[in-house]
Amino acid sequence: MGSVGRVFEGYQQEGYYDEMFESDGSVRPHYQTLFDTFDTLGLAEIKRRSAAAEQAFLQQGVTFTVYSDDRGTERIMPFDLIPRVIPRREWESIERGLVQRINALNLFLQDIYHEQRILKEGIIPNELVYGAVHYRPEFVGIDVPKNIYIHICGSDLIRDSNGNILVLEDNGRCPSGVSYMLENRQAMKRVFPNLFSKNRVRPVDHYGQELLNLLRFIAPPRSGDNPTVVLLTPGIYNSAYFEHSFLARSMGVEIVEGRDLFVQGDVVFMRTTKGPKKVDVIYRRIDDDFLDPEVFRKDSLLGVPGLVRAYRLGNVSLANTIGTGVADDKVIYKFVPAIIRFYLSEEPLLGNVETYLSYFDSERNYILENIEHLVVKSANESGGYGMLIGPQATKEQIEKFRQAIKARPREYIAQPVISLSRIPSICGDVIEGRHIDLRPYILSGEHVSIMPGGLTRVALRKGSLVVNSSQGGGTKDTWVLDRVENNH
Amino acid sequence: MLSRVADSIYWMSRYIERAENNARILNVNMQFALDAEIREGDDPDRYWAPVINTLEDQERFFKKHDRASQMTVFEYMIFAEDNPNSIISCLSNARENARTVRERISPEMWEQINKIYLFIRSNDARAMLEANPYGFFRTIAEGSYLFQGITQNTMVQGEGYDFIRFGKFIERGDYTSRILDVKYHLLLPSGESVGGTVDTLQWMALLRTCSALEAYRQIYFGQIAPWKVAEFLILNENFPRSILFSVASLDDALHKISGGGAGRFSNEAERLSGSLRYFLFYSQIDQIIRNGLHEFLDQIQLRLIEIAEAAHSVYCRVGDVGASS
């Protein structure tokens, strides 16, 4: 049995699954080198390096915007220096599960927007698909390049108290955060230059190139050998603007706003100093609703009038395609294991969190009776909003959700409270366990490619289970080890 | 290059130059006013109103402050967020523009702008201004020099680079003409003939504002005379802050952007910049002063605005016309 050393002295697991320590307190083998390094450094030095990393983020403008005032204050994403480590074998099995899942989701979208076999065979009630806010009936029958719908996916993974990795949700519209994954790695390399080769950490730097390859792959066939790819951003005041700019830079493509584009003769052009230039592929970081005021929200100033026409005619490709939100709907989530079985005739490799739909009478009754023990989520909100954590909620909050569930049963789901795994994190002058999740980034183009690891988000508030940056969350570097561990 | 990007790069460059120019004028004026304090019967405050006049900002300033003094002018010209030309506004705007074009400028350029922006927004900035104002202005000016040096040595010298040059020299030409205009009026009361008595100290201060004192001395052998100072700051071909130098440089930048040959024009902006360039080239200081220096400088400022507007319509108002489908 290993003993907890100086830096980690007094560290309490408090009965949670801990990423770094076995339940008997010994260090998990894949964390041993890291444990030794941190233990030797001492807390004062760790904190000094941590401050250096944050200073670098600030100087480079690695920030996100918080809308607490008119100006939109920029903050750096809180970064915790102690990385999360995933051993090679575990990562390989996660990867297989994610490939299976994204393939199934793409087949599901292809079906939903064409024959709708899955509805006809009664696997999913029609109403649940038709009632999903992000379902786009006007795109039924429209073909998309290479039949890929979700090109960039960020599925959130958690680990439960038994150590099982589960999928908490699929983000198939505009998943964000990948730039923090890449910047975190840069920061760690500066602060701990020697640790990487010692641990044989798999690199993630090729993300920009992989993304560009994918975007070129889905270009309209007529656009020739050198398609023009752009990244469409809502603009500088968007909270994720840094990421948009970062990705455009890592691909070497233009970052455009809606006003930089126009459509003529059903072809998209950008306004350049040398005159109009045709655009072939748009990596859009704007929601469907804002893409084209002619089709969706009339008041959208972010979009491009006529864009959808050009898209329907196949003159421009969009990543992700329009209408993918039906696949990451919180209600449809419950059916993903069934979707995998239906299209692939395989058993799901990654588990789902048990989910109750208030749409079904029996499950609604269960939810209403057990609401104090459940997490209730609105299917139409994200970012940690529209959510009730039963055990932590007041009577008033619970009552409000009860009423909402009865009024709009399609909209709510409930899940048991999962005690997310924890990992040692720097909390002021002590190191304490904090809950984490993991968002891997999955690219589907010519083949499915997943960056080793992803973005580990950590709920830095004591006891909190909410990892979103808008709600006190931070991030950690995530290491997938290339070496195979010896079983001990 | 995207039209919007060209526009942002241009403004980024102008705002950096403007922040530097403000730091220069405040610094020199402060030193000058300090001298006045020790001269009997001289009121140091009387040197501060002209600074506000240079920037043609009297109305807004006097809405906020009763009188111009070092304290009020510093506050207004450095830290006032509601003054679009204050140093803090200039650096914020420069950074805002830089943030939208990060894929077009080098990471080092961005970090330099961000660094000086974080400085002006920090408590250190105010503390430094109080304890060591000279050091403060130097920090701002050096922030701009560093940015320009980094730009020259890290940025691809293509279209974006030329829009930076274009913005910088439009701003600089405008600034030099303004400061000369105001000082000339202040120092040379109307009716007084060229060659009359003048306060050489003030003229030295003006030259120092433009980093021109030593260069001037080498050419004119130390004699400080207003019309010679005017000649130097308007017509010198080699001094990088003179009006002719600025106009020639922005004209070159425009030709590089279009790829057109020197001495010809392929668009309205180039026609205007070329004609101003050669107009200045063939001008003589005696004639300028005979016809009225103020009128001359006013004309320069208007023509610079015309050039900037023409360039904007050539490069930044790419409409739907002309697109082939």
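Chain letters run A, B, ... following the sequence lines, proteins first and then strands; every chain starts at 1.
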Does any heavy atom of chain B fall under 4.5 Å from the side chain of Phe246(A), the backbone, both, or neither of them? neither
Backbone of Ile236(A) reached by a side-chain donor or acceptor of Arg99(B) within 3.5 Å: yes
Do any of residues 208-217 of chain A come closer than 4.5 Å to chain B, heavy atom to heavy atom, and if so which ones, in number order? none
Working to the nearest 0.5 angstrom, can you tell me the gap between Met270(A) CE and Ser3(B) OG? 10.0 Å
Among residues 133-157 of chain B, residues within the sub-4.5 Å heavy-atom range of chain A, in order of number, are none
What verdict does the side chain to side chain contact (heavy atoms under 4.5 Å, CB included) test give for Trp110(B) and Arg249(A), after you've listed the backbone C-alpha separation in whole Å, the side-chain angles of each residue and the deciding distance to 0.1 Å? CA-CA 13 Å; Trp110(B) 158 254; Arg249(A) 275 178 284 135; over 6 Å; no
Side-chain heavy atoms of Tyr241(A) within contact of Thr100(B), under 4.5 Å: yes
Scored by heavy-atom pairs under 4.5 Å with chain A, the best of Asn114(B), Val5(B), Asp7(B), Val101(B) is Asn114(B)
Once you round to the nearest 0.5 Å, how far does OG1 of Thr273(A) lie from CE of Met1(B)? 6.5 Å
Restricting to non-hydrogen atoms, name the atom on Leu2(B) and the atom on Val256(A) that form the minimum distance, rounded to 0.1 Å. CD1-CG1, 3.5 Å
Does any backbone or side-chain atom of Glu159(B) lie under 4.5 Å from a heavy atom of chain A? Answer side chain, backbone, both or neither. side chain
Ranking Lys277(A), Lys278(A), Glu257(A) by heavy-atom pairs under 4.5 Å to chain B gives rank one to Glu257(A)
Please determine whether the number of non-hydrogen atoms from other residues, nucleotides or ligands lying under 6.0 Å from atom CZ of Arg264(B) exceeds 12. no
Are more than 12 heavy atoms from other residues, nucleotides or ligands located less than 6.0 Å from atom CG of Asn123(B)? no
Which residues in residues 49-62 of chain A have any heavy atom closer than 4.5 Å to a heavy atom of chain B? Leu58(A), Gln59(A), Gln60(A), Gly61(A)
How long is the gap from CD on Glu254(A) to CZ on Arg104(B), to the nearest 0.5 Å? 4.0 Å
Could you state the interatomic distance from CG (Leu261(A)) to CZ (Arg4(B)), rounded to the nearest 0.5 Å? 9.5 Å
Once side chain to side chain donor-acceptor pair (under 3.5 Å) is applied, what residue pairs with a partner in residues 309-321 of chain A remain, sequence neighbours excluded? Arg222(A)-Asn315(A), Asp266(A)-Arg309(A), Glu294(A)-Arg309(A)
Steps toward side chain to side chain contact (heavy atoms under 4.5 Å, CB included) verdict (Phe242(A), Arg102(B)): CA-CA 9 Å; Phe242(A) 164 74; Arg102(B) 277 191 67 177; 3.7 Å; yes
